Amino acid sequence: DGRVGYPLGGGLGRFARPASRPRAFEARLRDLYPAYSDQQIENWLTTLHASGRDTDTELGVLEEQARRLSDHLKSWERRGLLNGERPERKRFRKAIMQCWRERVPAQVTPEHQRLALTWQYSAYDLCSLPELGPLFSFPHVTELSLRSLLLKEVPEQFLLSFPNLTSLELSYNQLQRLPASLSLLSD
């Protein structure tokens with residue numbers, strides 16, 4: 001009858017987009033990793049699809065990790081209100097969430113290539129760090145610098161979130177002792 005149809009109606013009109021996968025996957029991945037380029041998103045989804053793993057499940061796991069980390073850090077931030085440290089904790093929360101978002105999920109990293117990232121957070125009046133632990137993992141961080149923060153201690157569980165750490169700098173803090181978990185880290 002000559003009608004083109006409604007472009008967003010899913011029909012095969014001349015404006016219809018091929019339905020290779022739901023647009024929602026790309027949007028969900030962009031929400032998790034805002035710094036990803038369109039090509040990185042395409043590569044991630046293509047590689048994941050080729051591996052036979054379920055895209056919805058994998059995205060769900062990553063979204064849950066991000067939500068739990070964010071909730072945990074927001075709770076830690078609110079507890080800083082009592083000692084006047086909330087603005088510094090908020091700054092740290094945003095920075096460490098950005099660091100988590102730098103993580104490239106294993107599905108896109110070639111097997112022979114290990115991603116390495118140096119994360120530095122320094123020169124703020126942050127007196128404490130959150131208890132993170134192995135539930136919140138930053139395997140892409142190999143070097144961590146937390147200098148000039150006025151830290152009095154490093155929580156035992158904090159360093160366990162960085163399983164591939166090879167270098168740690170804690171200079172110009174007010175530390176009395178080093179955490180025992182330091183001995184559990186990579187060489």
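Each residue takes its place number in the sequence, starting with 1. All figures in this text were calculated on a predicted structure; none of them were measured in a lab.
- Using modelled atom types, no side-chain atom of S148 and backbone atom of S122 make a donor-acceptor pair closer than 3.5 Å.
- Taking CG of L48 as the reference point, atom CG of N43 lies at 12.0 Å (rounded to 0.5 Å).
- Side-chain heavy atoms closer than 4.5 Å link hydrophobic residues (I, L, V, M, F, W, Y) into clusters, and following such links, even through other members, never connects L29 to V61.
- Pairs of residues two or more places apart, or lying in two chains, that qualify as side chain to side chain donor-acceptor pair (under 3.5 Å) and include a residue from residues 150-162 are E156-R177.
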Expected list for residues 124-134: side-chain donor-acceptor pairs under 3.5 angstrom, two or more places apart:
residue, atom, partner, partner atom, Å
S128, OG, E85, OE1, 3.3
S128, OG, R89, NH2, 2.8

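- Between F162 and F158, the ring planes lie tilted relative to each other; the angle falls in the 30° to 60° range.
- Looking only at distances, a side-chain donor or acceptor of N173 sits under 3.5 Å from a matching main-chain atom of L149.
- S75 and R79 get closest at one heavy-atom pair: OG-NH1, 2.9 Å.
- Checked by atom type and distance alone, the side chain of H140 pairs as donor or acceptor with a backbone atom of C99 at under 3.5 Å.
- For the side chain to side chain contact (heavy atoms under 4.5 Å, CB included) test with L62, the passing option among L32, D31, T57 is L32; the others fail.
- Distance check, rounded to the nearest 0.5 Å: CD of E63 to CG of D56 gives 8.0 Å.
- Under a hydrophobic clustering in which Ile, Leu, Val, Met, Phe, Trp and Tyr are joined whenever their side-chain heavy atoms come within less than 4.5 Å, directly or via other members, Y121 and M97 fall into the same cluster.
- Other residues, nucleotides and ligands contribute more than 12 heavy atoms inside 6.0 Å of the NE2 atom of H72.
- Cluster annotation: L175 is connected to L165 through the hydrophobic network of ILVMFWY side chains, with a link wherever side-chain heavy atoms come within less than 4.5 Å.
- Listed here is the closest heavy atom pair of P87 and G84: CD-O, 4.1 Å.
- Side-chain atoms of R30 come within 3.5 Å of backbone atoms of Y36 as a donor-acceptor pair (strictly under, hydrogens ignored).
- Listed for the T46 side chain is a donor-acceptor partner under 3.5 Å among the backbone atoms of E42.
- In this model, a donor atom of one side chain and an acceptor atom of the other lie less than 3.5 Å apart for T118 and E143.
- No more than 12 heavy-atom neighbours from other residues, nucleotides or ligands sit within 6.0 angstrom of CD on Q176.
- A centroid separation of less than 6.0 Å is found between the aromatic rings of F92 and W76.
- If you take NE2 on H49 and CD on E58, they are separated by 14.0 Å, rounding to the nearest 0.5 Å.
- Here the OG1 atom belonging to T166 is positioned 10.5 Å from the CG atom belonging to L144, to the nearest 0.5 angstrom.
- L146 is not listed as a side-chain neighbour of V154, based on a closest heavy-atom distance of 4.5 Å or more.
- The local environment of CZ in R68 is sparse, with at most 12 non-hydrogen atoms from other residues, nucleotides or ligands closer than 6.0 Å.
- In this structure E169 satisfies the salt bridge (charged side-chain N to carboxylate O under 4.0 Å, His left out) test together with R147, sequence neighbours excluded.
- A 4.5 Å side-chain heavy-atom check between W119 and I96 finds at least one atom pair inside the cut-off.
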| request: Start with the C-alpha distance between E77 and K74, add both sets of side-chain angles, then the distance that settles salt bridge (charged side-chain N to carboxylate O under 4.0 Å, His left out), and finish with yes or no. | output: CA-CA 5 Å; E77 177 190 332; K74 284 179 182 176; over 6 Å; no
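- Cluster annotation: L151 is not connected to Y172 through the hydrophobic network of ILVMFWY side chains, with a link wherever side-chain heavy atoms come within less than 4.5 Å.
- Between atom CG of residue L59 and atom CD of residue E64 there is a gap of 13.0 Å, rounded to the nearest 0.5 Å.
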